[in-house]
Amino acid sequence: MSATTTLDESYERCRVLNKRYGTTYYWSTYLLPRVKRHHVHALYAFCRYADDIVDDLGPSSVAERSAALASFGDRFFADVAAGSSSDPVLKAVVHTVRAFDIDVDCFRRFLRSMAMDLTVTSYESWDDLLLYMDGSAAVIGEMMLPVLEPFDLAAALPHARDLGNAFQLTNFLRDVSEDLDLGRVYLPQEDVRKFDASAALERRVVTPEFVDLMRFEIDRARALYASADMGVGMLPPASARCISGARALYSQILDRIEAASYDVFSSRASVLTWRKLGVAARMVRPSR
């Protein structure tokens, strides 16, 4: 950690993190005016920073990860209150939060859900999962809205939350196998039982029951995307292009899962980079 990191260097570090780990979001930011892109990178970097504490601290114990996450949160909130940070990532995040007056409670809820990942391995119902997703997904839409500058923030808010949840549910469906490796299941247990898909998950095989479960959850994700689409018209053109681009790209993951006959165990469904660039290029329009 360097106390001499400049703000530009901090934003650049955030951009690199976004490009390395969140390519769909990264390419979508190119549909935003240059003056706003770095703020999106900063918000992504905050989330990535916290996620790495939970999942990428090697053999560290739950207690050690919990302490590290709490320390990270304490540092962030203190820096926001002070108005600046010397941390090479948080310097940019704090600047973005202050520049757009983003509610810091969003970050508390996000960190709460990250802490849940340390001890909670499954969710009984969709409502239970939504409580987790409030902090892991819906709140990301809330963080982003001030940067996107909707015409009516209150009216756009529920649609932004639904987009965050749609992205998160898409991730859950794509990453079933990876999450099992971590000892987690993000598909509601009541749904797993409803479709009698427990054995398929345990054995990691695609059965007719597992296909029915995946179809059900994909329909749920698409309903969330449909709600999110209603909010696009509430955004200025550049912001609308960015969100439409991210939505178009991310929802294609569902198409890829279907094209693979719902086999999320053998390979990871993804959208190729050239497709991402193609979607971005089609959405670019001259600024007015």
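Side-chain atoms of R161 never come within 3.5 Å of backbone atoms of G141 as a donor-acceptor pair (strictly under, hydrogens ignored). Side-chain atoms of S261 do not come within 3.5 Å of backbone N or O of D263 as any donor-acceptor pair. Using a distance-only test at 3.5 Å, with no hydrogens or angles considered, no donor-acceptor pair links the side chain of R247 to the main chain of A228. No donor-acceptor pair under 3.5 Å is formed between the side chain of D51 and the backbone N or O of R48. Panel note: side chain E9, backbone T6; a donor-acceptor pair is recorded below 3.5 Å. Counting only distance, with no hydrogens or angles, the side chain of S251 and the backbone of A248 share a donor-acceptor pair below 3.5 Å.
Under a 4.5 Å side-chain heavy-atom criterion applied to ILVMFWY residues, the cluster that includes L7 comprises Y11 as well.
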Point to revise | Worked check of salt bridge (Lys or Arg N to Asp or Glu O under 4.0 Å) between E149 and K36 | key: CA-CA 10 Å; E149 297 183 302; K36 290 192 175 186; 2.5 Å; yes
Check your understanding: Given the rule in the salt bridge (Lys or Arg N to Asp or Glu O under 4.0 Å) test, do E190 and R193 qualify, once you have shown the distances and angles that lead to the verdict?
Key -> CA-CA 5 Å; E190 65 179 12; R193 291 194 300 272; 5.5 Å; no
Practice item. Kindly determine whether C14 and V89 satisfy side chain to side chain contact (heavy atoms under 4.5 Å, CB included), including the steps that lead there. Key: CA-CA 6 Å; C14 294; V89 169; 4.1 Å; yes
Practice item. I would like to know whether D212 and K194 meet salt bridge (Lys or Arg N to Asp or Glu O under 4.0 Å); could you show each step before the answer? Key: CA-CA 10 Å; D212 288 342; K194 175 182 177 181; over 6 Å; no
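Looking only at side-chain heavy atoms (C-beta outward), L213 and V192 come within less than 4.5 Å of each other. Contact check for V185 versus T121: no side-chain heavy atoms found under the 4.5 Å cut-off. Looking at heavy atoms from C-beta onward, M114 lies out of side-chain contact with I53 at the 4.5 angstrom threshold. At a threshold of 4.5 Å between non-hydrogen side-chain atoms, the residues E64 and S61 count as touching. Using a 4.5 Å cut-off on side-chain heavy atoms (C-beta onward), K91 and D79 make no contact. Using a 4.5 Å cut-off on side-chain heavy atoms (C-beta onward), D152 and M234 make no contact. With a 4.5 Å cut-off on side-chain heavy atoms, L157 and E142 count as touching. Between R215 and Y262 there is a side-chain heavy-atom pair separated by less than 4.5 Å.
There is no side-chain donor-acceptor pair under 3.5 Å between S10 and R15. With 3.5 Å as the limit, one finds no donor-acceptor pair spanning the side chains of S71 and D74.
Residue I253 holds its CD1 atom at 6.5 Å from CG of N171, rounded to the nearest 0.5 Å. Remark: Y225 OH to I218 CD1 distance equals 10.5 Å, nearest 0.5 Å. With rounding to the nearest 0.5 angstrom, the OG atom of S122 is 11.0 Å from the CG atom of L201. A distance of 3.5 Å separates SG of C47 from CD1 of I140, quoted to the nearest 0.5 Å. In this structure, CZ in R220 is found 11.0 Å from CG in N165, a value given to the nearest 0.5 Å. For the atom pair L145 CG and D103 CG, the distance stands at 12.0 Å (nearest 0.5 Å).
Listed here is the closest heavy atom pair of A50 and F110: CB-CE2, 3.6 Å. Here the shortest heavy-atom pairing between D191 and F216 reads OD2-CE2, 3.6 Å. Annotation for L32 and S239: closest pair CD2-CA, 3.9 Å, computed over non-hydrogen atoms. Taking every heavy atom of both residues into account, D117 and R184 meet most closely at O-NH2, 3.3 Å. Across all non-hydrogen atoms, the minimal contact from V54 to R65 is O-NH1, 2.8 Å. Nearest heavy atoms, R75 versus D87: NH2-N, 3.2 Å.
Heavy atoms from other residues, nucleotides or ligands lying under 6.0 Å from CZ of R222 number more than 12.
By the criterion of side-chain heavy atoms lying less than 4.5 angstrom apart, applied directly or through intervening Ile, Leu, Val, Met, Phe, Trp or Tyr residues, L169 is not grouped with L131; the two fall into different hydrophobic clusters. Grouping the Ile, Leu, Val, Met, Phe, Trp and Tyr side chains by contacts below 4.5 angstrom, directly or via other members, places M230 apart from L235. Residues V62 and L69 share a single hydrophobic cluster, defined by chaining ILVMFWY side chains whose heavy atoms lie under 4.5 Å apart.
Under the 6.0 Å cut-off for aromatic ring centres, F46 and F76 qualify, their centroids lying closer than that. Y132 has its ring centre less than 6.0 Å from the ring centre of Y123.
A cation-pi arrangement, defined by a distance under 6.0 Å to the six-membered ring centre and an angle within 45 degrees of its axis, is absent between K19 and Y44.
Note on D181 versus R204: salt bridge recorded, some NZ/NE/NH1/NH2 to OD/OE distance being below 4.0 Å.
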